[in-house]
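Computed from heavy atoms alone, side chains included, the values below leave out hydrogens, waters and symmetry copies. As the structure lists them, so they are numbered: ligands from 1, and atoms in each ligand from 1. Quick note: residue numbers are just sequence positions, from 1.
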Amino acid sequence: MTIPPSDRAHANADSTLAPPPECPAHGPGGMRRLYGPEAEADPMGLYEKLRAEHGAVAPVLVHGDLPAWLILGYRENLDVARTPSRFSRDSRLWRDMREGNAAQDHPLAPIAAWQPLCNFADGEEHSRLRGAVTDSMARFDRRGIRRYVTRFANQLIDDFAEVGRAELVNQFAEHLPMLVMVQLLGMPEKYGPRLVEAARDMLKGTATAVASNDYIMRVLAELVARKHASPGHDFATWLIEHPAALTDDEIEQHLRLVLIAAFETTANLISNALRMVLIDPRFRGDLAGGVMTLPEALEQVLWDEPPFTTILGRWATGDTALAGQRIRTGDMLLLGLAAGNVDPAIRPDLSVPVRGNRSHLAFCSGPHECPGQDIGRAIADTGIDVLLARLPDLHLAVPDSELRWVASLMSRHLVALPAAFTPSPMTPVPKPVSPATWTAPPAPPRQEPAVATPPAPLPTRRSRWRSLVRWLRGY
Ligand code: HEM
């Protein structure tokens, strides 16, 4: 059994655990750091070292060398996510925060400090807030959202179609989700481009991040005021009308949560799936030959490159045990979604394609499982479909080895995806759709354990992640 993080962080180092002198990969007590050079250079390698040393649950250090437990096992991730009575989403339980070790200026404070949002609540309060979000999402119609995605994807493609070259992260993947979400929320279209810039700026934690956040909150407050006066067929109106009777502040905060939750994750999914399509001839050959559908391709990416690599966090409500580790009240746990997805216990051979199996951890599980997953999938699926149909010879303009990644504790994303294609004329853009409507399909049953289907190996890619969270404030 490993010494709990709370003891280990400040304990005299056990000689068997003592790191090499001045090793930046280790901190107090010999625990490995989940940030810094090793995590940046080879995070998946780091996870495998932790798995070999500790099994399914490993003690780690996050920024400020604060102790935490990283959940590496697939089943253990599900256990933690599905048992809020033992592992709460309420960060006010975090001992290090209560004891003042994670002050307001701590790098994790923006995502760990408790807020009156559904993603920090459990039990009845969670049901009230989440119910308003999911009921309002359920009022959208699937075809309506796909028409929006098609329209905005075509608009974005029109901006570069005649040039023959494009940088697909910046010119496509990062814009499409926000343009669609702005429409679904009920905002005038003109806000789209400015909101994309503000959200990106805020999430990157630049000097103007606070001003960008203020701008987003101002736009959302105006939206709520406008929808009170003039209701529409949109998410903001449906939140206002919901019987849970959210206050205006709660509505604005949840609109922001949805906007931010949808933006970076869906942009990552689009970028990662596009890269896979562009670099892997077998994969693209599969798509063209109809052997692997685009939705199946997305599931493969959700297994191998989940947009959230780690979720912070859960907090132990009492002393307990998990995979042989002694967890103490107030300990912080990080759900290792990317690590769990490649747990050898469920995927002994990573080259075996998953063939559409949806039992990955990319959307988490339990009461906080992503309520927007079908919207995220629809935006990525339809957007990529439109892009490949418009530019059929789209290919990477630089060697794959030259692509660069930026990472945080919770995610990593491609910096740029330069691509080239035969210049193509602009196409007529479909007329606006109204109202935006989406109906979530029935959730497919979770298949457990994960798949193991025949040959046609896909390449496995390993992530490189960088340092800690500057983005996803309030998520
Ligand atoms: C590929 C895209 C997406 C991915 C990978 C993703 C992933 C996740 C994950 C892993 C969680 C669970 C966090 C936890 O357990 O603590 C989550 C929660 C959430 N997501 Fe998503 N998400 C995506 C798209 C979206 C979209 C499009 C929306 C909105 C339309 C959305 C709205 C939310 C909300 C509101 C929560 C909080 C739910 C709660 O705490 O009860 N997400 N997402």
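Looking at T265, I145, L257, D122 and measuring to atom 2 (C) of ligand 1, the nearest heavy atom belongs to T265. Comparing heavy-atom distances from atom 36 (C) of ligand 1 across A261, P371, C364 singles out P371 as nearest.
Using a 4.0 Å cut-off between charged side-chain N and carboxylate O, D319 and R326 make no salt bridge. Salt-bridge check for R128 with E125: passed, with a basic side-chain N closer than 4.0 Å to an acidic carboxylate O. With respect to K227 and E241, no salt bridge is recorded, no charged nitrogen being found less than 4.0 Å from a carboxylate O. Between R377 and D374 a salt bridge is recorded (basic side-chain N to carboxylate O distance below 4.0 Å). The pair D79-R86 fails the salt-bridge criterion, with no side-chain N (NZ, NE, NH1 or NH2) lying under 4.0 Å from an Asp/Glu carboxylate O.
Residue H368 touches ligand 1 through backbone and side chain together, judged by heavy-atom distances below 4.0 Å. If you look at R89 next to ligand 1, the close heavy atoms, those under 4.0 Å, all belong to the side chain. Contact annotation: for Q373 versus ligand 1, there are no heavy atoms closer than 4.0 Å. Residue N119 touches ligand 1 through backbone and side chain together, judged by heavy-atom distances below 4.0 Å. Residue contacts with ligand 1 for C370 involve both N, CA, C or O and side-chain atoms from C-beta outward (heavy atoms, distance under 4.0 Å). Counting heavy atoms under 4.0 Å from ligand 1, residue F308 touches it through the side chain alone. Proximity of H126 to ligand 1, defined as any heavy-atom pair under 4.0 Å, is confined to the side chain (atoms from C-beta onward). Under 4.0 Å from ligand 1, the heavy atoms of M181 that appear belong solely to its side chain.
Near I311, meaning under 4.0 Å from any of its heavy atoms, are these atoms of ligand 1: 10 (C), 13 (C), 14 (C), 16 (O). Listed by number with element, the atoms of ligand 1 under 4.0 angstrom from any heavy atom of R314 are 14 (C), 15 (O), 16 (O). Taking a cut-off of under 4.0 Å to the non-hydrogen atoms of L269, the atoms of ligand 1 that pass are 1 (C). For ligand 1 and T266, the ligand atoms under 4.0 Å from any heavy atom of the residue are 2 (C). Proximity to P307 (heavy-atom distance under 4.0 Å) selects the following atoms of ligand 1: 5 (C). Under a 4.0 Å criterion applied to the non-hydrogen atoms of V258, ligand 1 contributes the atoms 29 (C), 30 (C). Close contacts of ligand 1 with A362, meaning ligand atoms under 4.0 Å from a residue heavy atom, involve 5 (C), 7 (C), 10 (C).
At a cut-off of 3.5 Å, with distance as the only test, no side-chain donor of N268 or R412 sits close to an acceptor on the other residue. Defined by atom type and a distance below 3.5 Å, a donor-acceptor pair is missing between the side-chain atoms of Q155 and D159.
At a threshold of 4.5 Å between non-hydrogen side-chain atoms, the residues F172 and I157 count as touching.
R32 is linked by a salt bridge (Lys or Arg N to Asp or Glu O under 4.0 Å) to E38, E53, counting only residues two or more places apart in sequence or in another chain. Every residue two or more places apart in sequence or in another chain that forms a salt bridge (Lys or Arg N to Asp or Glu O under 4.0 Å) with R92 is listed here: D90.
For ligand 1, the polar-atom distance check against R130 finds a nitrogen or oxygen pair separated by under 3.5 Å.
Residue contact check for ligand 1: A81 places no non-hydrogen atom closer than 4.0 Å to it. At least one heavy atom of M137 lies less than 4.0 angstrom from ligand 1.
Between V386 and the options N154, L176, D381, a side-chain contact (heavy atoms from CB on, under 4.5 Å) holds for only N154.
Relative orientation of the F363 and H360 rings is tilted, given thresholds of 30° and 60° on the angle between their planes.
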